[in-house]
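Letters go in sequence order (proteins before strands), and every chain restarts at 1.
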There are 2 protein chains.
Amino acid sequence: MRDPEATLRQHDLPVTAQRIAVLRAVSGHPHATADDLTASVCGDLGTISRQSVYNVLNVLTDKGIIRRIQPADSPARYEDRIGDNHHHLVCRSCGRTEDVCCAVGEAPCLKAHSHHGFKIDEAEVIYWGTCPACQKKKRS
Amino acid sequence: MRDPEATLRQHDLPVTAQRIAVLRAVSGHPHATADDLTASVCGDLGTISRQSVYNVLNVLTDKGIIRRIQPADSPARYEDRIGDNHHHLVCRSCGRTEDVCCAVGEAPCLKAHSHHGFKIDEAEVIYWGTCPACQKKKRS
DNA sequence: TCATTATTTTTGACAAAGTCCAAAACTCGG
DNA sequence: CCGAGTTTTGGACTTTGTCAAAAATAATGA
């Protein structure tokens, strides 16, 4: 995210300190939770209400400026990187999340199959596993 | 699920009325939530505690007798059909969930890639879209 | 069959993540 | 700089699920 303020203006969103700070936090901490982001913003602005963090994250998500990912057994996480159809790799034991490029080119990702009459708009892929650190921990 | 009782015994689980009823409910209502299942079991046994439903669902899931799916913005759902690596199609507006056969054969499903040093054990795919009923509703 | 023992079930409190609402503060256009 | 309309804030509330202790039940062996 080069310029949070410009990004907000481009999307006709009033520019506020909270929005700039949250946007910067998301940008600087990919896959952070709302809680993580609140902490990060507080280190920047001094304070922000929990509700504002959610408000901002929701409006940014709705506008497509950021993306929300919600793996099982984890609070929602947010990221900056959008529009490139990448997927995620999540550690079952610590929740560590990494980006993964779409493994198979166009299929199944982005391909609008038709099943059961549904109009499909996204194929979400999560790879579940164990991260290096947790593999070590388990062995010991 | 042909015989819930036999299934429980096969897995060395003490047979209780609650377990049989929950197992039957999951079998008869694929993709139901814990709440749905509680209602269904109550119509069968007359009553069951909320905690017992969770206890049973957890133990059955741990044993691999049923599978838990946790799409974003939805409570956990449970299903009977396991071991065939199928995926899910979820309606964004009403949560309706359908099974989808693995769209691309072996890849990316079940294929253990190695990325970031993670040991991957599952590839979960969710297709997001709008079900026929909600498409109609939106148009009207 | 019956007592024993370990496992389940129940009840009620609790926790995490997020939303709803009304009041105060702020942004932006004129 | 003013006023209208958004945002932000604080607090209560909701949903989904877990924890813990006591009561009930299932499986085992005599």
Side-chain angles (χ1 to χ4, degrees), chain A residues 4-23 25-26 31-42 44-63 65-66 68-78 94-95 97, chain B residues 4-23 25-26 31-42 44-63 65-66 68-78 94-95 97:
Chain A
E5 193 171 332
T7 303
L8 292 170
R9 289 193 202 289
Q10 276 163 33
H11 290 268
D12 287 316
L13 290 172
V15 175
T16 68
Q18 289 84 350
R19 282 175 175 169
I20 293 173
V22 169
L23 201 36
V26 171
H31 312 134
T33 64
D35 236 41
D36 298 336
L37 295 169
T38 301
S40 170
V41 169
C42 282
D44 187 355
L45 296 184
T47 179
I48 191 172
S49 70
R50 199 163 56 110
Q51 186 61 56
S52 289
V53 174
Y54 282 110
N55 286 156
V56 173
L57 291 173
N58 286 339
V59 77
L60 295 178
T61 302
D62 289 348
K63 291 279 184 179
I65 299 170
I66 62 176
R68 175 191 285 129
I69 53 182
Q70 293 170 267
D73 302 314
S74 161
R77 294 167 182 272
Y78 296 86
C94 72
T97 304
Chain B
E5 193 171 330
T7 304
L8 292 170
R9 290 195 203 285
Q10 275 164 33
H11 290 268
D12 286 314
L13 289 172
V15 175
T16 67
Q18 289 84 348
R19 283 176 175 168
I20 293 173
V22 169
L23 202 35
V26 172
H31 311 134
T33 64
D35 235 40
D36 298 336
L37 294 169
T38 301
S40 170
V41 169
C42 282
D44 188 354
L45 296 185
T47 178
I48 191 174
S49 70
R50 201 164 55 108
Q51 186 62 54
S52 289
V53 174
Y54 283 109
N55 284 346
V56 174
L57 291 172
N58 286 340
V59 77
L60 295 179
T61 302
D62 288 349
K63 291 280 184 179
I65 300 171
I66 62 175
R68 175 192 284 126
I69 53 183
Q70 293 169 267
D73 301 314
S74 161
R77 293 166 183 272
Y78 296 86
C94 73
T97 305

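- Regarding contacts with the backbone of D/dA26, every side-chain N or O of B/Thr16 stays at 4.0 angstrom or more from both OP1 and OP2.
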Would you tabulate the pairs of protein nitrogen or oxygen atoms and nucleotide nitrogen or oxygen atoms of nucleotides 19-23 of chain D closer than 3.5 angstrom?
| from | atom 1 | to | atom 2 | distance (Å) |
| --- | --- | --- | --- | --- |
| D/dC19 | N4 | B/Gln51 | OE1 | 2.3 |

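- Judged by distance alone, with hydrogens and angles left aside, A/Arg50 brings a side-chain donor or acceptor within reach of the base of C/dG18, the pair sitting under 3.5 Å.
- The two residues B/Leu37 and B/Ala32 have their closest heavy-atom pair at CD2-CB, 3.7 Å.
- Counting to the nearest Å, the C1' atom of C/dC26 and the CD1 atom of A/Ile48 are 14 Å from each other.
- Whole-Å rounding puts the A/Leu57 CG to C/dA17 C1' distance at 13 Å.
- Counting only heavy atoms from C-beta outward, the side chains of A/Arg19 and A/Val59 approach each other to under 4.5 Å.
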Give the C-alpha distance, both sets of side-chain angles, the deciding distance and a yes or no for side chain to side chain contact (heavy atoms under 4.5 Å, CB included) between A/Gln18 and A/Val41.
CA-CA 8 Å; A/Gln18 289 84 350; A/Val41 169; over 6 Å; no

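- OP1 and OP2 of D/dT8 both lie 4.0 Å or more from every side-chain N or O belonging to A/Ser52.
- Ranked by how close their nearest DNA chain D nucleotide is to the 5' end, B/Ser74 and B/Val15 are led by B/Ser74.
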Take B/Val22 and B/Ile48, measure what side chain to side chain contact (heavy atoms under 4.5 Å, CB included) needs, and give me the verdict at the end.
CA-CA 10 Å; B/Val22 169; B/Ile48 191 174; 4.1 Å; yes

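- In this structure, B/Asn55 reaches the bases: a heavy-atom distance under 4.0 Å links it to at least one base atom across the strands shown.
- Within the 4.5 Å cutoff, no side-chain heavy atoms of A/Leu8 are placed close to those of A/Thr16.
- Nearest nucleotide to the side chain of B/Gln18, out of C/dT7, D/dT16, C/dT10: C/dT10.
- Rounded to an integer number of Å, the gap from CG of B/Leu13 to P of D/dT28 is 13 Å.
- Side-chain N/O atoms of B/Arg9 include one lying less than 4.0 angstrom from OP1 or OP2 on D/dA27.
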For B/Val26 and B/Ile65, run side chain to side chain contact (heavy atoms under 4.5 Å, CB included): C-alpha distance rounded to whole Å, both residues' side-chain angles, the deciding distance at 0.1 Å, then the answer.
CA-CA 11 Å; B/Val26 172; B/Ile65 300 171; over 6 Å; no

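- The nearest whole Å value for the distance from the CG atom in A/Asp73 to the C1' atom in C/dA15 is 15 Å.
- You'll find that the side chain of B/Pro14 is closest to C/dT8, out of D/dG10, D/dT7, C/dT8.
- Put simply, OH on A/Tyr78 is 12 Å from P on C/dA17, counting in whole angstrom units.
- Between the CG atom of B/Leu23 and the P atom of C/dT8 there is a distance of 15 Å, given to the nearest Å.
- Summarising the geometry, the separation between CZ on A/Arg19 and C1' on C/dA25 is reported as 14 Å, rounded to the nearest angstrom.
- Between A/Leu23 and A/Val56, the closest side-chain pair of non-hydrogen atoms is not below 4.5 Å.
- The separation between B/Leu45 atom CG and C/dT8 atom P is 17 Å, rounded to whole Å.
- For the residue pair B/Asp36 and B/Thr33, a side-chain donor N or O sits within less than 3.5 Å of a side-chain acceptor on the partner.
- With DNA chain D read from its 5' end, the first of the two nearest nucleotides for A/Val56 and B/Asp35 is the one closest to A/Val56.
- At C/dG18, none of the side-chain N or O atoms of A/Asn58 fall inside 4.0 Å of OP1 or OP2 (strictly under the cut-off).
- The side chain of B/Tyr54 lies closest to D/dT16, out of C/dT10, D/dT16, D/dA27.
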